[in-house]
Amino acid sequence: MRRLIAILMAATAVAVAGCQDSSSPRDVTPPAAPRGLFSVTGDQRATLSWLANTEADVAGYRVYEASCASGSSCPYDRIGATAATQFVANGLANGVTRYFAVSAVDNAGNESPLTYEDVYDTPRPAGTATLNNFVNTFAGAGWDFSAFTNVAADGSNTDIFFGDNGNISQMFATLHVVAPGDTIPNDIQDAGYATTLDAVDFSPVGDNAGWSPTGTVELIQDHCYIVWTWDNHYAKFRVTGITRPTPGQPATLVRVEWAYQTATGNNELRARPVHTAVNSPRTVAWLR
């Protein structure tokens with residue numbers, strides 16, 4: 001009998017030991033929301049960047065997109081994930097504003113709240129162009145931002161055109177004829193020297209916002225310029241080269257890189273400013 005009791009006690013002890021969980025408690029604490037999110041506008045794309053989280057167990061980040069900043073009517077859809085602190089959202093429609101947010105995910109799968117900044121972007125087309133000197137030929141001396149193409153200096157849809165008389169290179173903003181005797185000007189101004197076109201992020205707005213009173217600007221290598229078109233669109237270009245066969249002779253060509261905001265009245269030409277909305281509500285559309 002004593003032997004049977006001992007065997008039963010030993011079996012009970014093994015069973016109890018088998019039910020005990022010797023592992024550490026499961027991690028259920030999410031990381032903090034990423035900070036410093038900002039965007040850089042591109043052609044059918046937006047490049048998002050943010051500061052790295054400081055938690056040691058962060059495995060990566062998830063990126064979300066929505067049609068407005070917050071609320072149940074505009075849930076944030078997941079569009080990608082990355083282990084880096086930068087993400088390029090491709091395939092966006094130019095002229096359509098989209099909002100972005102990012103979350104951090106740790107090794108246990110815990111996901112942080114979405115970033116608090118209201119970050120939005122309106123992609124716009126961009127490219128390069130070469131304009132002739134209208135002194136030599138009107139053909140190809142002008143540029144139509146809305147059509148992304150060269151036009152004649154005196155074309156009906158010309159926004160700007162290039163000219164050089166041997167002493168000075170200039171870009172001329174045209175007067176758009178909307179009806180006989182009725183014109184609306186395209187405005188232009190020098191935004192200064194810059195190493196990249198994207199140094200110009202926004203256009204100034206309003207009739208008294210620094211536009212050239214003559215509708216012309218002197219073209220200087222590596223300077224950026226802003227254009228406000230007659231139909232309330234904003235554009236920019238940067239001079240990348242002026243071809244002058246010999247000193248003192250008129251230039252034959254000017255080369256520029258350009259960007260044009262297709263959204264009417266939207267003066268965003270690169271990135272938006274960050275407006276912090278602490279603890280702003282976000283609705284996530286999971287698994288969409």
Inset, instruction - Measure up the Phe161 and Phe134 rings against each other and bin them: parallel (under 30°), tilted (30 to 60°), perpendicular (over 60°). - result: perpendicular

Just so I know, are the side chains of [X] and [Y] near enough to count as touching, which here means a heavy-atom distance under 4.5 Å?
{"X": "Asn157", "Y": "Ser146", "answer": "no"}
{"X": "Thr158", "Y": "Phe172", "answer": "no"}
{"X": "Pro34", "Y": "Tyr61", "answer": "yes"}
{"X": "Leu175", "Y": "Pro185", "answer": "yes"}
{"X": "Val105", "Y": "Asn110", "answer": "no"}
{"X": "Gln170", "Y": "Asn165", "answer": "no"}

What are the two closest non-hydrogen atoms of [X] and [Y], and how far apart are they?
{"X": "Ala139", "Y": "Asn132", "result": "O-ND2, 2.8 Å"}
{"X": "Thr196", "Y": "Cys224", "result": "O-SG, 3.8 Å"}
{"X": "Ala101", "Y": "Tyr76", "result": "CB-CE2, 3.6 Å"}
{"X": "Ala83", "Y": "Ala59", "result": "CB-O, 4.1 Å"}
{"X": "Pro31", "Y": "Asn53", "result": "CB-ND2, 3.9 Å"}
{"X": "Ala66", "Y": "Cys74", "result": "CB-O, 3.7 Å"}

Please check this pair: side chain of [X] against backbone of [Y], looking for a donor-acceptor N/O pair closer than 3.5 Å.
{"X": "Asn133", "Y": "Ala251", "result": "yes"}
{"X": "Tyr225", "Y": "Glu218", "result": "yes"}
{"X": "Tyr64", "Y": "Ser103", "result": "no"}
{"X": "Thr115", "Y": "Glu117", "result": "no"}
{"X": "Gln261", "Y": "Asn267", "result": "no"}
{"X": "Arg238", "Y": "Thr195", "result": "yes"}
{"X": "Asn186", "Y": "His176", "result": "no"}
{"X": "Asn150", "Y": "Ala129", "result": "no"}
{"X": "Lys236", "Y": "Leu197", "result": "yes"}

Group every Ile, Leu, Val, Met, Phe, Trp and Tyr by side-chain heavy-atom contacts under 4.5 Å, then state whether [X] and [Y] land in the same group.
{"X": "Val217", "Y": "Val239", "answer": "yes"}
{"X": "Leu269", "Y": "Val256", "answer": "no"}
{"X": "Phe138", "Y": "Met171", "answer": "no"}
{"X": "Trp230", "Y": "Val227", "answer": "no"}
{"X": "Leu37", "Y": "Ile79", "answer": "yes"}

Inset, instruction - Would you list the pairs meeting salt bridge (charged side-chain N to carboxylate O under 4.0 Å, His left out) in which at least one residue belongs to residues 137-162, sequence neighbours left out? - result: none

Inset, instruction - Would you mind listing every salt bridge (charged side-chain N to carboxylate O under 4.0 Å, His left out) that reaches into residues 46-60, with sequence neighbours excluded? - result: none

Legend entry - Which residues share a ring pair (Phe, Tyr, Trp, His ring centres under 6.0 Å) with Trp228, sequence neighbours left out: Trp211, Tyr234

Legend entry - Contacts of Phe148 that satisfy ring pair (Phe, Tyr, Trp, His ring centres under 6.0 Å) - sequence neighbours left out: Trp258

Any chance you could measure [X], atom [atom1], to [Y], atom [atom2], to the nearest 0.5 Å?
{"X": "Arg98", "Y": "Ser39", "atom1": "CZ", "atom2": "OG", "result": "13.5 Å"}
{"X": "Trp50", "Y": "Phe38", "atom1": "CH2", "atom2": "CZ", "result": "10.5 Å"}
{"X": "Asp187", "Y": "Ile226", "atom1": "CG", "atom2": "CD1", "result": "11.5 Å"}
{"X": "Thr216", "Y": "Ile168", "atom1": "OG1", "atom2": "CD1", "result": "7.5 Å"}

Legend entry - Salt-bridge present (Asp121, Arg45; N to O < 4.0 Å): no

Inset, instruction - Tell me, please, which residues at least two apart from Arg244 pass salt bridge (charged side-chain N to carboxylate O under 4.0 Å, His left out). - result: Asp164

Inset, instruction - Would you please indicate yes or no on a ring centroid separation below 6.0 angstrom for Phe237 and Trp143? - result: no

Inset, instruction - Check whether the side chains of Asn232 and Thr264 place a donor and an acceptor atom closer than 3.5 Å, and report yes or no. - result: no

Inset, instruction - Take Glu65 and Asp77 through the side chain to side chain contact (heavy atoms under 4.5 Å, CB included) test and state the conclusion after the steps. - result: CA-CA 5 Å; Glu65 175 190 336; Asp77 294 295; 5.6 Å; no

Legend entry - Audit row: Thr229, Asp231, side chain to side chain donor-acceptor pair (under 3.5 Å) steps and yes/no: CA-CA 5 Å; Thr229 66; Asp231 54 352; 2.6 Å; yes

Inset, instruction - Report the C-alpha distance between Glu268 and Phe202 in whole Å, list the side-chain angles of each, state the deciding distance to 0.1 Å, and finish with yes or no for side chain to side chain contact (heavy atoms under 4.5 Å, CB included). - result: CA-CA 5 Å; Glu268 180 189 353; Phe202 283 83; 3.8 Å; yes

Result block: side-chain N/O donor-acceptor pairs under 3.5 angstrom for residues 84-97, not counting sequence neighbours:
| unit_1 | atom_1 | unit_2 | atom_2 | d |
| --- | --- | --- | --- | --- |
| Gln86 | NE2 | Ser49 | OG | 3.1 |
| Asn94 | OD1 | Gln44 | N | 2.8 |
| Asn94 | OD1 | Arg124 | N | 3.3 |
| Asn94 | ND2 | Asp43 | OD1 | 2.9 |
| Thr97 | OG1 | Thr122 | OG1 | 2.6 |

